[in-house]
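Chain identifiers are assigned alphabetically (A, B, ...) following the order of the sequence lines, protein sequences preceding nucleic acid strands; residue numbering begins at 1 within each chain.
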Number of protein chains: 2
Amino acid sequence: MASKTLSAADFETPIESRFFEDYLPGAVYEYGSYEVTEAEVLEFASRFDPQRMHTDKLYAQVGPFNGLIASGWHTTAIFMRLFADHFLSKVATLPSPGIDEIRWLLPVRPGDSLKLRTTVVKARVSNSKPDRGLVTTKAELFNQDGQAVMSLLAVNLLFTRPPL
Amino acid sequence: MASKTLSAADFETPIESRFFEDYLPGAVYEYGSYEVTEAEVLEFASRFDPQRMHTDKLYAQVGPFNGLIASGWHTTAIFMRLFADHFLSKVATLPSPGIDEIRWLLPVRPGDSLKLRTTVVKARVSNSKPDRGLVTTKAELFNQDGQAVMSLLAVNLLFTRPPL
């Protein structure tokens, strides 16, 4: 894992002992980078999103895309890798109920180096199950030119810290 | 490509000559199936979503998950494969602006056989560029027991049919 924390600020608690209470609304952190390779763009797309703008270099060159562009689902998968490696607790995370507002803002291309910015938007303890809470996080991916290429709202369910 | 149209109804126009006008609000089609293998669950998760419920068979067996479950992003990638193979025009599709309301409703497991149901929700020509339109589609994945495992709202940009 080559990526690391890029922002001055980060969680006070390491990812192996992080619980719901550690996700503070307003906290902003940055992690990266993820290097996008042509081989991975082609392989992901040929398996999961075989549209020519993602799989066919010649077509992509002459089309309006000015070269090969990554599948949007490849971009969200790259988001997830950085999010799992640096943000989501290794011990308290339950399966996510869902994601809102994925926006693919600009093409992602082979050679791009992507950085994740996370902003905790809200956090609330579950009404029905007080041993867990829901954390909503705005996630943004930026390329090496500082352009936002993707954003989404992630909802994650995490256990609260157990009593000592 | 082993999957095929499963519903009695399908587009009247083949995928190689389909344009914006062929996406009729209210139309419901089904496509499948996609067989989920343990090897693919492990490979996808180890690369993009290395959480133990997705990558560690022993952990997943003793945890609350009752066995390995696929990454939600693997499930959306499987949706995309069926969507690209059967639904999205091969000639008129531009990059999608985004996705709303991804809901992971039930675990997807190795051995599952997934079917896609598409429902065109709305379709409107672009105000600023009348040679294209936006199609909003509700997509649902069902497993072999008929249970919905995932749903989302896809927004796709497609060219209108060129004048003869």
_With a 4.5 angstrom heavy-atom cut-off, is it the side chain or the backbone of P97(B) that approaches chain A, or both, or neither?_
backbone
*Please look at F83(B) and chain A and tell me whether the side chain, the backbone, both or neither of the residue comes under 4.5 angstrom of a heavy atom of that chain.*
neither
_Show the nearest heavy-atom pair for residues A77(B) and F44(A), with the distance to one decimal._
CB-CZ, 4.2 Å
*With a 4.5 angstrom heavy-atom cut-off, which part of S89(B) approaches chain A: side chain, backbone, both or neither?*
neither
_Report which part of L105(A) has an atom under 4.5 Å of a heavy atom belonging to chain B: side chain, backbone, both, or neither._
neither
_According to a hydrophobic-cluster definition based on side-chain heavy atoms being under 4.5 Å apart (Ile, Leu, Val, Met, Phe, Trp, Tyr only), do L6(B) and L88(B) belong together?_
no
*Taking atom CZ of F65(B) and atom CG of L94(A), what is their separation to the nearest 0.5 Å?*
6.0 Å
*So E101(B) and D100(A), side chain to side chain contact (heavy atoms under 4.5 Å, CB included) or not? Walk me through it.*
CA-CA 5 Å; E101(B) 298 180 25; D100(A) 286 310; 3.8 Å; yes
*Identify which of P107(B), S71(B), A45(B), S96(B) forms the greatest number of heavy-atom pairs closer than 4.5 Å to chain A.*
S96(B)
*Establish whether F20(A) and L157(A) are linked, either directly or via other cluster members, by ILVMFWY side-chain heavy-atom contacts under 4.5 Å.*
no
*Determine the interplanar angle of the H74(B) and F48(A) rings, folded into 0 to 90°, and report it as parallel if under 30°, tilted if 30 to 60°, perpendicular if over 60°.*
perpendicular
*Mind checking whether L114(B) and L106(B) sit in one hydrophobic cluster, side chains of I, L, V, M, F, W, Y counted as touching below 4.5 Å?*
yes
*Linking I/L/V/M/F/W/Y whenever their side-chain heavy atoms sit closer than 4.5 Å, directly or via other members, would W73(A) and V155(B) fall into one cluster?*
no
*Select one option (side chain, backbone, both, neither) describing which atoms of I69(B) are under 4.5 Å from chain A's heavy atoms.*
side chain
*When R52(B), R47(B), Q51(B), H54(B) are compared by non-hydrogen pairs under 4.5 Å with chain A, the top option*: R47(B)
_So if I take each residue of residues 116-153 of chain B and look for any heavy atom under 4.5 Å from a heavy atom in chain A, which residues do I end up with?_
L152(B)
*For E12(A), look at atom CD and say whether over 12 heavy atoms of other residues, nucleotides or ligands are found less than 6.0 Å away.*
no
*Please name the pair of heavy atoms, one in M53(B) and one in T93(A), separated by the smallest distance, quoted to 0.1 Å.*
CE-O, 4.1 Å
*Can you hop from L82(A) to F11(A) via hydrophobic side chains spaced under 4.5 Å?*
yes
